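What follows is one structure encoded as structure tokens, with my remarks underneath.
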Amino acid sequence: RINRSIQSLLQATVSVAGGNLSFRAPIIAPDEIGSLAHSFNRMTQTLEQTTVSKRYLEGIIEAMLDSVLILQTDGKILRVNRMTEKTFGYDQGELQERAIATLFTEEFSFTGVVQKIETKSRSKAGQLIPVEVSISHLDDQAGAEVGFLCVVENITERKTAEDEIK
């Protein structure tokens, strides 16, 4: 019975390690190994809920109509959404670990407070695009700064309309 319990728990760890977070270890007996299997199941349930939350947030970022850049604390690009790729003409991989200055004509200071800046960005093809950039800091659960979130709105249409009014 102990061997069967351990084998079942081993199978569960292999399955979860392979990405199947919905797998639950059978509790064969109400002993120490059964308690371990129960704890394992609680842990995988928590992981499954957290992972769903991460997927949900990823979906929101990808669905945004503005460009989204997630930066490390040193200002290097960690992640971008599809709209960023479309607007600037870069693939995600081309921008990862590059300085944010790759995309903009001016330097930004990351002070930790929310900033909204009107500036110009530069596409991969060299085209200048008028944009409004909102930068805010990202904190971890302990409150330590872990990076920055940049939302970049293409304001070409607004600028064209303003020029027509003048």
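Note that the structure is predicted; figures quoted are calculated from it, not measured. This chain uses plain numbering: 1 for the first residue, then up along the sequence.
- A salt bridge links Arg158 with Glu132; the closest basic N to acidic carboxylate O contact falls under 4.0 Å.
- Transitive grouping of hydrophobic side chains (ILVMFWY, heavy atoms separated by less than 4.5 Å) keeps Ile129 and Val151 in distinct clusters.
- Under the 4.0 Å criterion applied to side-chain N and carboxylate O atoms, Glu97 and Arg79 are not assigned as salt-bridge partners.
- Rounded to the nearest 0.5 angstrom, Ile61 CD1 and Ile70 CD1 are separated by 4.0 Å.
- Between the side chain of Thr84 and the backbone N or O of Val80 there is no donor-acceptor pair closer than 3.5 Å.
- The side-chain hydrogen bond (donor to acceptor under 3.5 Å, both in side chains) check on Gln92 picks up nothing, with sequence neighbours excluded.
- No salt bridge links Lys116 with Glu153; every basic N to acidic carboxylate O contact stays at or beyond 4.0 Å.
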Original post:
Would Thr44 and Arg24 satisfy side-chain hydrogen bond (donor to acceptor under 3.5 Å, both in side chains), going step by step from the backbone distance to the final call?
Top reply: CA-CA 8 Å; Thr44 55; Arg24 298 296 181 260; 3.2 Å; yes
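- Counting heavy-atom neighbours within 6.0 Å of Glu157 CD, excluding the residue itself, gives a total of 12 or less.
- A donor-acceptor pair under 3.5 Å is absent between the side-chain atoms of Asp91 and the main chain of Gly93, judged by distance alone.
- Without hydrogens or angle criteria, Thr46 side chain to Arg42 main chain gives a donor-acceptor distance under 3.5 Å.
- Here the side chain of Asp140 pairs a donor or acceptor atom with the backbone of Gly143 at under 3.5 angstrom.
- Between Asn20 and Ser15, the side chains place a donor N or O and an acceptor N or O closer than 3.5 Å (distance only, hydrogens not considered).
- Ion pairing between Glu85 and Lys124 fails under the 4.0 Å rule for side-chain N and carboxylate O.
- The CD1 atom of Ile117 sits 4.5 Å away from the CD1 atom of Ile135 when rounded to the nearest 0.5 Å.
- For Thr105 (side chain) and Lys120 (main-chain N/O), a donor-acceptor pair under 3.5 Å exists by modelled atom type.
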Original post:
Does the salt bridge (Lys or Arg N to Asp or Glu O under 4.0 Å) test come out yes or no for Lys159 and Glu164, once each step is laid out?
Top reply: CA-CA 9 Å; Lys159 286 297 195 183; Glu164 287 175 3; over 6 Å; no
